[in-house]
Amino acid sequence: FARLVRVHYAWHSPKILSDEDFELDVVSTVLGAYGWGRLHRALVLEERSAQSVQIYNAGAQHSSVFHVVVDLKPGQDPARAEQVIARELDKIRKEPVSDAEMQRVLIGTESSFVWGLEDLMGRVEQLQLFNHYTGDPGYAQTYLKRVRALTPAKVRETADKILGKPRAEIITRPAAPPPEIGRAHV
C-alpha cells in the first residue's frame with residue numbers, strides 16, 4: 001500500500017473541449033510542468049520536499065475533474081506542502097500567467113498535437129476524439145484556433161472560477177507498521 005504521504009485535491013471542472021477545459025490545461029501545465037511548472041519547481045526542485053507533482057485536467061464528456069497530486073518524500077510535513085500548494089493556487093487565481101509561461105504552453109500544446117499526428121494510430125485516435133466529442137473529425141483547425149486564442153486574463157478568470165470552488169481533499173498516509181507478535185521482550 002501507500003509508502004509515501006500524498007496530498008491530492010480534486011475539483012469538478014467543465015467537459016472536455018469546452019472553453020474552460022482549454023484554459024484549465026494551461027493552468028495544469030503552468031503549475032505542474034516538469035522542471036518549470038510553479039508547483040513542481042517549488043516542491044521538487046527548491047524545497048526538495050516532494051518526490052513528484054502531477055497536475056492534470058481529466059477531461060470527460062459531461063464533466064471533468066481537475067487534479068493536483070503531490071507525493072512527498074519520507075519525513076516531509078504535508079502541512080507545509082499544503083501551504084505551498086495554497087500559495088500557488090491563490091497566485092494563479094489572482095494574477096494572470098506570464099506571457100512567457102503562456103507562450104511555452106502554447107508552443108508545447110501545438111507541438112504535441114502535431115507530433116501526435118505523425119503515426120497512423122495517433123491520427124486515428126485524434127480524429128476519433130474530435131468526432132466523439134464534437135461530431136466533427138476534421139476539428140483540428142478549430143482546435144488549433146481555440147488554442148491560439150487563449151489569453152492570460154481568461155486563464156486567470158477560469159482558474160479563479162474553478163479552483164475557488166469547494167474541492168475534494170484526499171491525504172494518504174502510510175500505515176503504521178504492524179506490532180511484532182510473538183517476540184520475546186527481554
Side-chain angles (χ1 to χ4, degrees), residues 1-16 18-60 62-105 108-109 112 150-181 183 185:
F1 290 99
R3 298 227 185 325
L4 299 173
V5 173
R6 170 174 278 182
V7 177
H8 184 169
Y9 297 164
W11 293 259
H12 283 287
S13 60
K15 68 181 184 173
I16 193 169
S18 66
D19 288 341
E20 291 169 330
D21 178 61
F22 283 80
E23 292 145 4
L24 287 171
D25 285 344
V26 174
V27 171
S28 68
T29 303
V30 167
L31 290 175
Y34 184 83
W36 65 271
R38 294 174 184 183
L39 269 174
H40 185 272
R41 189 177 59 241
L43 291 171
V44 175
L45 301 177
E46 293 170 0
E47 291 196 5
R48 299 185 183 272
S49 61
Q51 181 167 309
S52 67
V53 170
Q54 302 164 28
I55 302 175
Y56 59 97
N57 191 36
H62 299 294
S63 72
S64 304
V65 181
F66 186 87
H67 298 268
V68 172
V69 182
V70 176
D71 291 323
L72 297 175
K73 290 181 178 178
Q76 297 299 312
D77 181 14
R80 174 65 187 143
E82 289 186 276
Q83 288 173 346
V84 174
I85 294 167
R87 179 190 74 214
E88 293 302 334
L89 291 175
D90 191 52
K91 184 176 177 181
I92 205 158
R93 288 179 54 216
K94 293 181 177 174
E95 301 170 17
V97 298
S98 72
D99 289 338
E101 289 171 321
M102 193 72 188
Q103 279 304 111
R104 198 168 195 171
V105 172
T109 301
S112 294
L150 292 167
T151 66
K154 190 67 176 149
V155 169
R156 190 218 51 81
E157 182 181 313
T158 296
D160 188 42
K161 177 181 176 184
I162 302 301
L163 303 179
K165 291 181 179 179
R167 65 183 177 227
E169 294 184 7
I170 305 108
I171 310 299
T172 307
R173 298 176 188 276
E180 294 186 34
I181 298 174
R183 265 185 100 160
H185 295 287

- [ ] With sequence neighbours excluded, tell me which residues meet side-chain hydrogen bond (donor to acceptor under 3.5 Å, both in side chains) with E169.
- [x] R167
Open item on the list: Within the structure provided, determine whether W11 and V65 are in side-chain contact (heavy-atom separation under 4.5 Å).
Closed with: no
Open item on the list: Do T172 and V5 have side chains that approach each other closer than 4.5 Å (heavy atoms only, starting at C-beta)?
Closed with: no
Task: Inter-residue atom distance S28.OG - I92.CD1, 0.5 Å rounding - done: 9.0 Å
Task: Residues in salt bridge (Lys or Arg N to Asp or Glu O under 4.0 Å) contact with E95, at least two apart in sequence or another chain - done: none
Open item on the list: Which residues pass the side-chain hydrogen bond (donor to acceptor under 3.5 Å, both in side chains) test with Y9, not counting sequence neighbours?
Closed with: E82
Open item on the list: Does any part of the side chain of V105, heavy atoms only, come nearer than 4.5 Å to the side chain of V26, both counted from C-beta?
Closed with: yes
Open item on the list: Are the side chains of L89 and L31 in contact, using a 4.5 Å heavy-atom criterion?
Closed with: yes
Open item on the list: Using the side chain to side chain contact (heavy atoms under 4.5 Å, CB included) criterion, which residues pair with D25? Sequence neighbours excluded.
Closed with: D21, N57
Task: Within-4.5 Å side-chain heavy-atom neighbours: V69 and V7 - done: no
Task: Distance in Å, H12 NE2 paired with S63 OG, rounded so as to fall on 0.5 Å steps - done: 6.5 Å
Open item on the list: What I'd like to find out is whether the side chain of K94 reaches to under 4.5 Å of the side chain of D90, using heavy atoms alone.
Closed with: yes
Task: Any side-chain heavy-atom pair of T109 and F22 under 4.5 Å - done: no
Open item on the list: Run the side chain to side chain contact (heavy atoms under 4.5 Å, CB included) test against P152 and tell me which residues pass, sequence neighbours left out.
Closed with: P96, V97, D99, M102
TODO: Look up atom CD in Q76 and atom CG in L43, then write down how far apart they are to the nearest 0.5 Å.
DONE: 9.5 Å
Open item on the list: I want to check something: taking the side chain as every heavy atom from C-beta on, are T158 and L24 in contact at a cut-off of under 4.5 Å?
Closed with: yes
Task: Where at least one partner belongs to residues 64-74, residue pairs that pass side-chain hydrogen bond (donor to acceptor under 3.5 Å, both in side chains), sequence neighbours excluded - done: R6-D71, H8-H67, S52-D71
Open item on the list: The criterion is salt bridge (Lys or Arg N to Asp or Glu O under 4.0 Å); which residues satisfy it with K154, sequence neighbours excluded?
Closed with: E157
Open item on the list: Show every side-chain hydrogen bond (donor to acceptor under 3.5 Å, both in side chains) that has at least one partner inside residues 42-51, sequence neighbours left out.
Closed with: E47-R80
- [ ] Quick one: list whatever passes salt bridge (Lys or Arg N to Asp or Glu O under 4.0 Å) with D160, sequence neighbours left out.
- [x] R93
TODO: Quick one: do L4 and L72 satisfy side-chain contact (heavy atoms from CB on, under 4.5 Å)? Show the steps, please.
DONE: CA-CA 6 Å; L4 299 173; L72 297 175; 6.0 Å; no
Open item on the list: So, using side-chain hydrogen bond (donor to acceptor under 3.5 Å, both in side chains) as the criterion, who are the partners of D77 when residues are at least two apart?
Closed with: none
Task: Qualifying side-chain hydrogen bond (donor to acceptor under 3.5 Å, both in side chains) pairs, either residue in residues 29-43, two or more places apart - done: R38-E101
